[in-house]
Amino acid sequence: MIEPIGNQYVVARPVYSSNAFGEEHKKKDRHHKTILDHLKLCCSCSTQKAKGIVLSLFPIISWLPAYRLKEWLLSDIVSGISTGMVAVLQGLAFALLVNISPKYGLYAAFFPGIVYLFLGTSRHISVGPFPILSTMLGAVVSRVAIDDSTTTMDSSNSSAGNISSSMEQKVMVATTVTVLSGIIQLILGVLRIGFVVIYLSESLISGFTTAAAVHVLVSQLKFMLQLTVPSHTDPFSLFKVLESIFTQIEDTNIADLVTSLIVLAIVFVAKEINQRFKDKLPVPIPIEFIVTVIATGVSYGFDFQTKFNVSVVGDMQEGFDAPITPDMTIFSSTIGDSFAIAIVGFAVAFSVASVYSLKHDYHLDGSQELIALGLGNIFGGAFRGFAGSTALSRSAVQESTGGKTQIAGLISIIVVLIVIVGIGFLLEPLQKSVLAALALGNLKGMLMQFAEIGRLWKKDKYDCLIWIMTFIFVIVLGLGLGLAASVAFQLLTIVFRTQFPKCSTLANVGRSDIYKNRKDYSDMYEPEGVKIFRCPSPIYFANIRFFKQKLFNAVGFSPLRILRKRNKALKKIRKLQKKGLLQVTPKGVICTIDSMKDSDEELDNNHIEELDQPINTTDLPFQIDWNGDLPVNLNVPRISLHSLILDFSAVSFLDVSSMRGLKKILQEFIRIKVDVYIVGTDDDFIEKLTRCEFFDDEVQSSIFFLTIHDAILHILMKKDYNTSKFNSIQEKETKSDFTINTNGGLRKRDFLVPMETRF
């Protein structure tokens with residue numbers, strides 16, 4: 001019964017052990033679903049389930065009817081135009097990383113975006129070419145296309161189906177790898193493997209995207225400086241690229257460098273203005289579009305290509321090329337590269353999408369993202385596009401310029417389409433260094449995430465460590481291996497957190513039913529002879545020893561050491577009693593010697609197993625108070641603890657190995673007459689212990705209580721009962737009874753007498 005009294009409440013209920021509560025409140029019989037039940041549910045069909053599947057596969061059906069036309073349309077149009085222009089420029093630039101013609105970069109920016117519009121779950125990312133994927137794909141193209149070219153030459157052009165030109169070979173390899181990576185992503189999505197994204201924490205994603213931004217920065221330097229730098233995708237690739245750049249730094253084209261620096265400065269200033277005055281500006285400044293128009297006009301008007309030997313986009317054919325059939329003979333030699341591209345592409349897209357989903361508070365579906373990206377790559381590869389994901393800078397443009405939904409993505413696709421079929425030739429004089437500078441100009445937000453380190457350090461040192469190590473792994477090992485190493489390290493931190501938990505000793509606050517760490521408050525009350533120990537993590541094979549050490553430190557002794565000391569002393573007492581050196585008299589138990597031989601001590605050390613057994617004094621005519629004075633200077637440490645409470649409310653599971661260790665710990669305490677109670681566990685925890693035959697004559701299920709306060713009240717009631725029983729015995733006066741001395745010594749079975757030593 002609960003009675004509220006103002007801002008307080010009074011609870012009146014019995015003291016419950018788990019067994020007592022189970023007897024008074026019967027549990028309902030519940031049917032737990034079997035694997036067969038889950039299969040039946042999975043294979044069943046209903047109107048509601050079919051509707052859910054359709055909505056899951058086509059998220060556009062969910063958000064398009066709820067589109068706020070008046071509020072969002074203008075922002076989406078402005079964002080779409082800006083994003084579309086950036087997509088055009090990046091498509092042209094990133095195609096160069098794949099070692100194919102720039103026009104194919106426009107295909108890669110167009111076709112995957114159509115698929116993602118209908119199937120994607122993110123509202124803010126722009127799907128298309130990504131520089132790191134382009135670099136990875138370029139390395140495969142360079143390797144495989146050269147091998148195919150050699151094979152073709154060796155066969156003397158005997159087969160009509162052989163690829164006739166180097167560019168066609170490269171396009172064939174690029175599209176084949178793209179389709180294969182898309183198939184891999186689609187299979188993973190259909191199998192619902194997208195759940196692995198739960199292992200990508202916010203700290204990991206932040207560190208990963210920041211490191212990816214650094215990779216993008218380095219990949220664009222060769223275009224800004226107009227240097228010939230080979231592609232690298234193996235570990236330390238970033239440092240190899242930097243080494244190649246610095247060894248050629250004298251060959252830098254100054255015109256390209258100056259142009260790119262000017263463009264960077266203009267873009268940074270415009271982005272800062274858009275950010276600071278976003279509430280006052282009717283629409284964000286479309287700086288990418290403005291810079292592209294001006295840079296193209298200046299390059300064409302002053303003929304930069306002829307005068308300064310700058311690198312320009314070059315020939316841009318109008319319209320689409322015919323679709324292409326992937327070369328399945330390449331599958332076997334590129335399956336590993338395709339898998340790496342598929343995983344990295346998904347990881348990058350989901351990481352960037354997660355940043356914006358957290359910022360704007362909406363849900364992402366990892367498996368659906370895999371399906372959308374996979375079909376986008378298959379569709380794009382079939383139309384001569386190459387592997388895509390999302391570019392960090394392009395998505396930043398779509399979000400920062402006010403994009404609300406994928407309608408902005410639709411507008412950007414239309415912009416790309418217009419360039420492909422109509423005005424692509426206008427971009428022919430545009431410098432490649434301008435493309436690179438525009439790509440880097442939108443990375444400021446990602447690179448500024450370095451400021452997260454200080455904030456994370458204040459909040460959680462483990463999260464800060466995850467961020468730092470993720471950044472280092474991705475920088476050093478590359479995106480693929482770096483991501484795998486980061487996830488492994490993150491899981492390792494979870495092991496560390498549970499392997500070395502912050503255990504604490506609790507005490508009562510303000511003599512209420514609230515128990516807190518006794519080091520944190522001043523008005524603490526701790527019942528005499530009672531210790532409350534809290535473990536805040538699961539107990540398993542890796543941390544059972546740490547738990548044991550912390551527990552023994554909390555109580556101040558090792559129960560096994562006490563047990564062995566007592567058993568050694570008991571063996572000596574038995575010998576004294578058998579030799580008649582201990583005499584029970586009405587005045588007490590008298591010992592007639594004051595020392596024993598050392599050989600007895602040596603004898604005990606050869607029987608360690610016997611010393612670990614429960615203390616049995618039934619064969620003696622008296623009982624032993626181990627906290628009293630013992631004969632012949634027997635050295636047995638005294639302990640004041642009589643009850644130990646283990647708070648397992650935060651222990652979510654216990655494995656078999658730790659179960660054996662826990663049982664041994666409990667037995668050691670019980671054997672030295674310390675009552676142990678476990679509180680806060682759920683019924684499943686106790687049922688698992690029962691199934692594993694945890695309980696026996698020593699460790700019984702009656703040690704479990706619902707709360708700490710239940711256990712405390714039980715201990716106090718038990719102590720009061722023993723005291724009253726003692727007092728009733730004291731009041732009896734018979735010829736065979738003597739006055740009880742509770743200060744210690746050896747106690748006769750029905751009375752306690754002080755120990756005297758005769759010299």
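From a predicted model like this one, the values you see are computed outputs, not experimental measurements. Index from 1, following the sequence.
Salt bridge present: E698 and R671 bring a charged side-chain N and a carboxylate O closer than 4.0 Å. Ion pair R511/D523 not flagged as a salt bridge, since none of the NZ, NE, NH1 or NH2 atoms sits closer than 4.0 Å to an Asp/Glu carboxylate oxygen. Looking at R497 and D463, a side-chain N of the basic residue comes within less than 4.0 Å of a carboxylate O on the acidic one, giving a salt bridge.
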Pair I712-V530, side chain to side chain contact (heavy atoms under 4.5 Å, CB included): steps then yes or no: CA-CA 8 Å; I712 289 290; V530 179; 3.8 Å; yes
Salt bridge (Lys or Arg N to Asp or Glu O under 4.0 Å) assessment of E24 paired with R13: CA-CA 12 Å; E24 184 171 334; R13 67 167 177 83; over 6 Å; no
Step-by-step side chain to side chain contact (heavy atoms under 4.5 Å, CB included) determination, V487 to L204: CA-CA 8 Å; V487 172; L204 186 146; 4.2 Å; yes
Working for salt bridge (Lys or Arg N to Asp or Glu O under 4.0 Å), residues R691 and D684: CA-CA 10 Å; R691 289 196 305 270; D684 293 336; over 6 Å; no
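Within 6.0 Å of CZ on F339 lie no more than 12 heavy atoms contributed by other residues, nucleotides or ligands.
The aromatic rings of F346 and F350 sit tilted, their planes meeting at an angle between 30° and 60°. The aromatic rings of H714 and F705 sit tilted relative to each other, their planes meeting at an angle between 30° and 60°. Using bins of under 30°, 30° to 60° and over 60° for the plane-to-plane angle, the ring pair H709/Y515 lands in the tilted bin.
Listed for the D675 side chain is no donor-acceptor partner under 3.5 Å among the backbone atoms of I670. Distance alone, capped at 3.5 Å, places no donor-acceptor pair between the S206 side chain and the S203 backbone. The main-chain N or O of D697 is found under 3.5 Å from a side-chain atom of Q700 such that the two form a donor-acceptor pair. Under a 3.5 Å cut-off, the side chain of K663 and the backbone N or O of F694 do form a donor-acceptor pair. Judged by distance alone, with hydrogens and angles left aside, the side-chain atoms of D710 form a donor-acceptor pair with the main-chain N or O of Y16 at under 3.5 Å. For the pair D655 (side chain) and F541 (backbone), a donor-acceptor distance under 3.5 Å is present. Between the side chain of D647 and the main chain of I532, no donor-acceptor pair closer than 3.5 Å is present. A side-chain donor-acceptor contact under 3.5 Å links K688 to the backbone of L654. Using modelled atom types, one side-chain atom of N543 and one backbone atom of T498 make a donor-acceptor pair closer than 3.5 Å. R566 places a side-chain N or O within donor-acceptor distance of the main-chain N or O of I672, the cut-off being under 3.5 Å.
Side-chain contact check for L666 versus I703: some heavy-atom pair is nearer than 4.5 Å. For the pair I715/P527, no side-chain contact is recorded, criterion being any heavy-atom separation below 4.5 Å from C-beta on.
Atom CD1 of I562 sits about 12.0 Å away from atom CZ of R638, to the nearest 0.5 Å. Taking CD1 of I686 as the reference point, atom OG1 of T681 lies at 4.0 Å (rounded to 0.5 Å).
Centroid-to-centroid, the aromatic rings of F547 and F533 come within less than 6.0 Å.
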